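Keep in mind the model is a prediction, meaning the values are calculated, not measured.
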Amino acid sequence: VNVPRFSHVILVLVENKEFGDVVGNRRMPNFNRWARDYALLTRYHAVSHPSLPNYLALVAGDTFGVREDCTDCYVAAECLPDLLEAAGRSWKAYLEGLPAAGFLGASSGRYAMKHDPFVYFRSIRGDAARLARSVVPLTELDRDLEKGALPDYAFIMPDMCDSAHDCDVGVTDAWLGRVVGSILRSPAFDASSLLVLTFDEGTTERACCGSPPLARGGRIATILVSALAKPGFRDATPYCHYSLLKTILASWGLGRLGHTSDPAVSLIVAPWRGR
């Protein structure tokens, strides 16, 4: 309802910066060009601290009581991939630094499990075939783009440096220029595709979305890159990670997950052309 039917949704996550740290930052020319050219959500908030609860919220609509970046706190609950597969849709998580498809270790080089929410769900981590098919190194992205095999839903996560977790935002912006740039130039990214660029969390605990317990992870910059989005649009509606998931579910008629059923969680409606 009031949300376009996307052909693809591509979610690109980076790390740990407040809205004011990145919007207008001269060390992030790519990010700020997209923020000017497409739709920028100016009152979008993360839901918690630290990283992991936000990642779980983005793919399952709940933090499941997780309050730390644990590596053994697995969840027996339904998540977005379950609904996608039930509807006959494809999905893939592309993770920079992941040593091999389906890797379940806590870390490897600059890869960190805490930024890979899918392996926390028992229904995924206990299925070797599902892991090998859908939780893969970032190096597979270029191949999938060339083959026209971009999944319906793609989750893209840079490593601990390129995500701005450990390195300067200038490094992250250069990475975004390469990776996001290659997606936007690909024929696979068609006129009905949506690429969302956002942060997992900020550095404050500002509340939003009409219900403070739902969003206390800081105000973060979120850009909707799509031909379906109004160019140069600024949306000041209060949103949070649950809003993004709710919007994806609505677009594809997948139902609800966790807090996406809450009236306090706003559906992202205003930025779309014709709305």
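Once rounded to the nearest 0.5 Å, the distance linking CZ of Phe155 with NE2 of His115 reads 9.0 Å. The structure places CE of Met113 at 11.5 Å from CG of Leu98, a figure rounded to the nearest 0.5 Å. Going from atom CZ of Arg219 over to atom OG1 of Thr204 covers 9.5 Å, rounded to the nearest 0.5 Å. Rounded to the nearest 0.5 angstrom, Ile268 CD1 and Thr247 OG1 are separated by 4.0 Å.
Centroid-to-centroid, the aromatic rings of Tyr153 and Trp252 stay 6.0 Å apart or farther. Between His241 and Tyr44, the distance separating the two ring centers is shorter than 6.0 angstrom.
Using a 4.5 Å heavy-atom threshold, the side chains of Leu150 and Leu141 count as touching. Contact check for Val119 versus Tyr74: no side-chain heavy atoms found under the 4.5 Å cut-off. The shortest side-chain heavy-atom distance between Tyr120 and Leu56 falls under the 4.5 Å cut-off.
Salt bridge present: Asp82 and Arg130 bring a charged side-chain N and a carboxylate O closer than 4.0 Å. Looking at Arg143 and Glu140, a side-chain N of the basic residue comes within less than 4.0 Å of a carboxylate O on the acidic one, giving a salt bridge.
In terms of heavy atoms, Cys73 sits closest to Leu52 at SG-CD2, 3.8 Å.
Counting only distance, with no hydrogens or angles, the side chain of Ser226 and the backbone of Ser193 share a donor-acceptor pair below 3.5 Å.
For Tyr111 and Asp116, the side-chain atoms include at least one donor-acceptor pair closer than 3.5 Å.
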